[in-house]
Each structure stands twice: as structure tokens, then as C-alpha cells.
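This is a predicted model, so every value here is computed, not measured. In what follows, every chain begins at residue 1, and chains take the letters A, B, ... in the order their sequences are listed.
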Protein chains: 2
Amino acid sequence: MSKVNIKVLADQLQLSVSTISKALRDSYEISDETKKKVMELATQLNYIPNPYASSLRRKKSKTIAVVLPEVADNFFSLAINGIQSIAESKGYHVLIYLSHEKYANEKNILEDCQSGRVDGVLISISSETNSAEHINKLQTRNIPVVFFDREQEAIETARVTTNDFDCGLMAAKHLLQKGCRRPAFLSISQSLPICLNRLEGFKAAVQQAGVPEEDRQIVYCTDNDGMYDQIKLLLQQPNRPDGLIASVEKIVTPVYLTCHELKINIPNEVKVIAFATLDTAPILNPPLTTITQPAFEIGKAAATLLFKGIEKSSFDLRKERMIIPSMLIERESTK
Amino acid sequence: MSKVNIKVLADQLQLSVSTISKALRDSYEISDETKKKVMELATQLNYIPNPYASSLRRKKSKTIAVVLPEVADNFFSLAINGIQSIAESKGYHVLIYLSHEKYANEKNILEDCQSGRVDGVLISISSETNSAEHINKLQTRNIPVVFFDREQEAIETARVTTNDFDCGLMAAKHLLQKGCRRPAFLSISQSLPICLNRLEGFKAAVQQAGVPEEDRQIVYCTDNDGMYDQIKLLLQQPNRPDGLIASVEKIVTPVYLTCHELKINIPNEVKVIAFATLDTAPILNPPLTTITQPAFEIGKAAATLLFKGIEKSSFDLRKERMIIPSMLIERESTK
DNA sequence: TTTATTTACGAAAACGGTTGCGAAACAATG
DNA sequence: CATTGTTTCGCAACCGTTTTCGTAAATAAA
């Protein structure tokens, strides 16, 4: 309604629009006296600048995109919080996009991000993604990209992850140390580096411990709906595993439910450890041993890097690699 | 870099920019032949329109704001998913803002929303908010607002909630029916309608059941950090409650942990029911009886209403009130 | 053939800020 | 006094797209 813009201010103060603009931006060209008058009238009339007019001219949107596989996950919720906290302090706005774990969606989203709508992109790729083109296109348009958690290895840019390999190793060692002889690794993707790295850690540990081939299993729960059945099958085998590593949080509930259903006691018959940031971990039945990822910090770090890339063109994101370690928190499920 | 805009297309095709613009928007004024040529060159040169130029001219941003207290909460995560799913299908973009339960933050956020950056606002107010001015300002600027879950009663606009009163009643009745004599209600705010309504339901139930005044307690866990201590105090009373209603999800973990710590058996010594969308509810120790809110549906419904308000100026949001019922899912914690 | 009517397009003014440059006013310097 | 410098402001172009209006040519109607 009240369309008070720079022109209105200019008319009322008998000044030119350029003077108003400069005054509002605190330009050295404008006298303190004039600035004060402008500011006063601006607040009095409740002047709010049109961000798109400004973006158009300055070719800066003060907006970033956050592209996630999904948000119904504690990890990503916390990461968003971290990102948001940095963005807010920098005066940036945050657009959220969900790929729903589909490459096609992710591609469309990044397509749009080339429009100038955003100054930078934070992305955790979908489990389907193994191409790099769509991300490359952003780079050729000089739009900084930073990966967090789920990276795409072929792309040269900054990435913030946790120490996935070490954690995979640590998780497996923990199970072995607690007496597991037939550990299994539950993954959700054959291509996601987070899964692969955690898996490699697992492999290294069982290799080193001399676990026979037939006693180590790797299960890919690639589709959400089939997860229960797959886990059930796994646990109904005659020589079922006696230790499980859930490589991501969403595997936890199906695992627990299946164990309860099949009356398999955790931790006596099977020990469970999971990569998760669940705050209900300590009150599960039994309390769940977790590799807790520093989701909030990862979000913050990724955002911080991105803003460096955005604000200093001299800053080279390509070699930046930040690894924020996770913590193993031992609870009853692996006792 | 490749700054291919309408002008570039125009030059290459020996046409005017207006013709290009119209062709791209499939205007009847342009011949099919020309349209085809324009489209082809556009895709060939990978032309991507500048959204801000368009927004500036058309005074439509194709963007909405979602203002939340926080996102580290299953309810809001799911709600975002619902909102996002509708926005995506409508070709809208979603800006996320967090108030961190502070009125001052919320006010700043809504201030910015007046700039034309967004075409509408979905909001779940902070627990601190009891003023309405900041929301009113949006209305006077003709920016549609829709509340979801946490509404501000003084404002006349659409709202999507769950049947809070009924659920409060249902929860209390459930506890009473299961044999509780001294039920307590754990709230997080003295002003949030969701808390008040749930509380009113609780009050009605205990009133009706004739529970003596001294045997019903209402505890306000207003600050996050003090929550543990407050709950501990509550449960260390000589005449401690034998039934607890957690009015929001984040109270659950502290309650369970405290019970475990004090060796108070759930459900034998105290029964617990919670308003929560936790997917770990069935695997908690013991499995938690929940009032499960249809978070995803609430998000979808709120977004749908908002878009109606945005797209049809004739559509009057003021009288819209949608109530999507929650479900009581009984589990061990109230057995 | 003349007069309407369509069809297909272009010119130019928006939208609301930003910014390079020139200019006036005044002060300082030689 | 002439010259140079400083301060403060306005003019006008510009960002990329949309949209109103005008018009020439082609077609249809008279």
C-alpha cells in the first residue's frame, strides 16, 4: 500500500534520488547533516528498500541457497540451524530447496540457482547423484559452491565433512572390541562418499581384525520403503550378524523395530551403533551408541567458507577441506 | 559469466527485446514461427531469465517466507517438507527464517518481509510473542499471512492448527482412564495458544473427573536450560505426579532422562504422554504414547491457503480456519 | 478500390535503486 | 587575484524484464 520509495523521500526533502540513495548507504559524498535528515524521514515514513531493485543493479542478491536431500532428519535440521546462524549475522537470506534424493530435482534446483537469484550455494547431494555437470555449471557462472556432509568428489570446491573413514573404522573397532564376530554395515548408497568412506573404515577394521569374508556383510538399503524388509531378511538369516553399523540416522528406527519384533536382544544378541544426531539416543530401548556428527558446526563452517568465497573473490575455495570430527558416545546398545 | 539476457537474444535474432520477452512468455501477439526461433536460441544459449528484474517489474517475487521458532524439532521439519512440496508445485521459492523463540528477532524478520521480497508469509510465532503489531504491518501492506500451529489470536487471518483443546482433553482422559490420580501438565509458554488450548483441554478433563486442586499441577518449562531441573524438582516432590503430559516434543527427553535417573518407572510409577511427531517414539524405553500431530499436512494446508490468498485477491483469508486432527497412539508409556 | 480488421512486431516507459561523472560553491594555496 | 582543491550534490545511464501503445503490412469486408 504505502509505496514509499526513494523518490518519495527525494520529493519530500527536495533532494535528488541519487542523494537519497547515497545518504542511505552512508556515502562519503553526502554531508552529515543531509544524511541525518534523510535517515529521519526514512524511519518516519517507514521506508523499506526494495531488495530486488538493489539486487538487479548491484548484481548481488544477499541470498544463498541450501540444497538438501530432505529435512526430516536431525542432521539436516541442525545443519540448517548452523547455516542460518551465520547467514543471519552476515545479513544474508536463506532459500531452502529439497531434492528428495532425486538427481533430476537437484539438477532443476541448481539450474535455477544460475539465474542470479543467489550469490552462493550450500549443497549436500542426493544419494542418486553421481554426475557433476549440474554443479559445474554453477562454477562456470562464478557462483561459489560449498559441499557439506555429502560431497561430490569430482568437483573441485570447498567441502566440510566429518571424519567419515575414521568413524567407520572406530565404529567397527568398537563392535569388534565388544565381542562382535559378524559385523554388518548398513548403507544407503553405493555412491555417496559419506557412505563409501564410512564403509571403507569398516572394511579396514574388519580386515585388520581378520574377520573372515563370510562373516562381514554390507547391506544397501537404497529405498526407504524396502528398508524394513531388507533388515528383517538380514536378521532372519541363520548366521545373522551380531553387530550392526547404521551408516545414517534413518536406519535406526527400522533396526530397532525389527529387533523388537524378532525378539532379538540388543546388545546381547546383536550390538548396534549408528551415525546419528538423535537427541533421543539416550532414552531408546536400549540407549543407542552413536557416532554423533557435529551437524550444527558443520553447517556453520560450510556457511562461513561460502561467505568467504562470496565476499572475497581472491579467496580460493577449491583447496578448502574442513573436517570436523564426530564423537563416539557409548551407550547400552553396544555394551 | 555468459551474460546472455534478452538483449543478446534480440540482437542475434534481429528482433526487439519486447518481442523476445513476449515470445518467451508465449504471448498471443507473437507468431508461432518467431516463438519457435526464440525458444530454440534460448535453450541453445542456455538463457536463464533474471528473476529479480522480473520481480521488480511485475511486483511479484514468486517467493514466500516461512518463519519458525526453530528447526531442530521434528514437527517443524515435517511442516517445512509439507510447505516445500506445495511451493515447489506452484513454482514458488521458500525463504526460511528462525526467530529462536525471540520476539525481537521475529519482528526484524517480518520487517524485512515488507520489502517486497516475498509474496506471502507462513508463520509459527515464537513463544515470547504476544504483540500483534509486527504482523499487522504485513497485513496493511497487503502481504498475506497464514499461521500454522502457533497462531497469534489477535490477528485476523487464516490459520491451520490441530485440535489442541480436544487433544489436551484426550490426553488427560487417557491418563485418568489408565489410573492416574495426580496428573501434571508440562507447558512451555503462558501465552502460546497451542499450549493454552491443550492446557484448557487438560483442565476440562481433570475438572470433569473431579481431580482435587492439589492433585493437578501445571509446570511451565519456559527456559530450555532449566528444564531438567524443573522436571527433577517436580518428580522429587513427596506427592509427585503419577502422570505427565508433555505439551511439546522437546520436553520428552528431559522427562525420560529424569525418570531414569531417579529410577522412577514409566509407566508403573508415572505415565507419560506427549505431543510429538518423534519417529523414535515406538523404540523409546518404554515406547512413548503420543499425540501425533499431522505436521506434514499442516504445512501443506497452510501453504495451500497462503497461495490462494496470494493468487486470488478476491479470496478472503480472514475467516479461514482449518483444523487437522491429531491422533493418539497408545504405547507402553501409559500402559 | 476503399475501408475495416487482424496480425506481428517495435519503441519506449516503466519497476526502484545505484553509481560514474560533472558542476557549483566554497576554502585554501601560491 | 588566479589557481587548485575539497565538499556536496544532481544528472543520467544502467541493471534485465515487462507492458502499454502505436504502427506497418497483410488480410478481410464493403
Side-chain angles (χ1 to χ4, degrees), chain A residues 1-39 41-42 45-63 91 112 114-119 141-142, chain B residues 1-39 41-42 45-63 91 112 114-119 141-142:
Chain A
M1 280 278 82
S2 74
K3 11 159 33 164
V4 34
N5 54 25
I6 276 195
K7 195 152 177 307
V8 172
L9 298 183
D11 288 349
Q12 291 220 12
L13 290 175
Q14 298 281 56
L15 289 168
S16 74
V17 291
S18 54
T19 302
I20 305 292
S21 175
K22 288 171 186 168
L24 290 171
R25 309 196 120 259
D26 200 25
S27 160
Y28 69 96
E29 290 181 68
I30 306 300
S31 71
D32 292 344
E33 197 185 1
T34 307
K35 281 181 189 169
K36 217 182 74 182
K37 277 197 290 191
V38 172
M39 297 297 189
L41 187 64
L45 297 188
N46 192 29
Y47 165 72
I48 299 179
N50 183 313
Y52 295 149
S54 174
S55 295
L56 182 57
R57 179 61 224 252
R58 313 186 84 198
K59 294 175 172 292
K60 292 252 166 283
S61 64
K62 279 285 195 175
T63 304
D112 185 277
Q114 295 173 49
S115 66
R117 190 187 294 281
V118 298
D119 296 339
R141 293 233 183 194
N142 279 332
Chain B
M1 276 296 75
S2 76
K3 14 169 15 178
V4 34
N5 54 26
I6 278 193
K7 196 154 177 303
V8 172
L9 298 183
D11 289 349
Q12 292 220 12
L13 291 175
Q14 299 280 56
L15 289 169
S16 75
V17 291
S18 53
T19 301
I20 305 291
S21 174
K22 287 172 189 168
L24 291 170
R25 308 197 124 260
D26 199 26
S27 160
Y28 69 96
E29 289 182 71
I30 306 299
S31 72
D32 292 343
E33 196 185 359
T34 309
K35 280 180 189 169
K36 217 182 73 183
K37 277 196 288 188
V38 172
M39 296 299 189
L41 187 65
L45 299 187
N46 191 28
Y47 164 73
I48 298 178
N50 182 313
Y52 295 149
S54 175
S55 294
L56 181 58
R57 180 61 224 250
R58 312 187 86 195
K59 293 173 171 293
K60 292 253 168 278
S61 64
K62 280 284 195 175
T63 304
D112 185 276
Q114 296 174 48
S115 66
R117 189 186 295 280
V118 297
D119 296 340
R141 291 233 183 194
N142 278 331

Do [X] and [Y] have side-chain heavy atoms sitting under 4.5 Å apart?
X      : Y     : result
B:N5   : B:N50 : no
A:I6   : A:Y47 : yes
B:K35  : B:D26 : yes
A:R141 : B:I48 : yes

May I have the distance from [X] (atom [atom1]) to [N] (atom [atom2]), rounded to whole angstrom?
X     : N      : atom1 : atom2 : value
B:Y52 : C:dG17 : OH    : C1'   : 15 Å
A:I6  : D:dA12 : CD1   : C1'   : 15 Å
A:L56 : C:dA14 : CG    : C1'   : 13 Å
A:D11 : D:dG10 : CG    : P     : 12 Å
A:Q14 : D:dC9  : CD    : C1'   : 14 Å
A:K37 : D:dC9  : NZ    : C1'   : 12 Å
A:K62 : D:dC15 : NZ    : P     : 22 Å
A:L24 : C:dG17 : CG    : P     : 9 Å

With respect to the phosphate group of [N], does any side-chain polar atom (N or O) of [X] fall under 4.0 Å of OP1 or OP2?
X     : N      : value
A:K59 : D:dG16 : yes
B:Y47 : D:dT17 : yes
B:S16 : C:dG10 : yes
B:N50 : D:dG16 : no

Problem set entry | Nearest-nucleotide comparison on DNA chain C, the residue closer to the 5′ end among B:K35 and A:S54 | B:K35

Problem set entry | Check: B:S61 side chain, B:R117 main-chain N or O, donor-acceptor pair, under 3.5 Å | yes

Exercise. With no hydrogens and no angle check, is any side-chain donor or acceptor of B:S21 less than 3.5 Å from a backbone partner on B:V17?
Worked result: no

Problem set entry | DNA chain D: 5'-proximal contact among A:L15 and B:P51 (nearest heavy atom) | A:L15

Exercise. Under 4.0 Å between a Lys/Arg side-chain N and an Asp/Glu carboxylate O for B:K60 and B:D119?
Worked result: no

Exercise. Using a cut-off of 4.0 Å on non-hydrogen atoms, how would the nucleic acid contact of A:T34 be classed: base, sugar-phosphate, or nothing?
Worked result: sugar-phosphate

Contact list (N/O, under 3.5 angstrom) for nucleotides 19-23 of chain C vs protein:
residue, atom, partner, partner atom, Å
C:dT19, OP1, A:R58, NE, 3.4
C:dG20, O6, A:K22, NZ, 2.9
C:dC21, N4, A:E29, OE1, 3.3

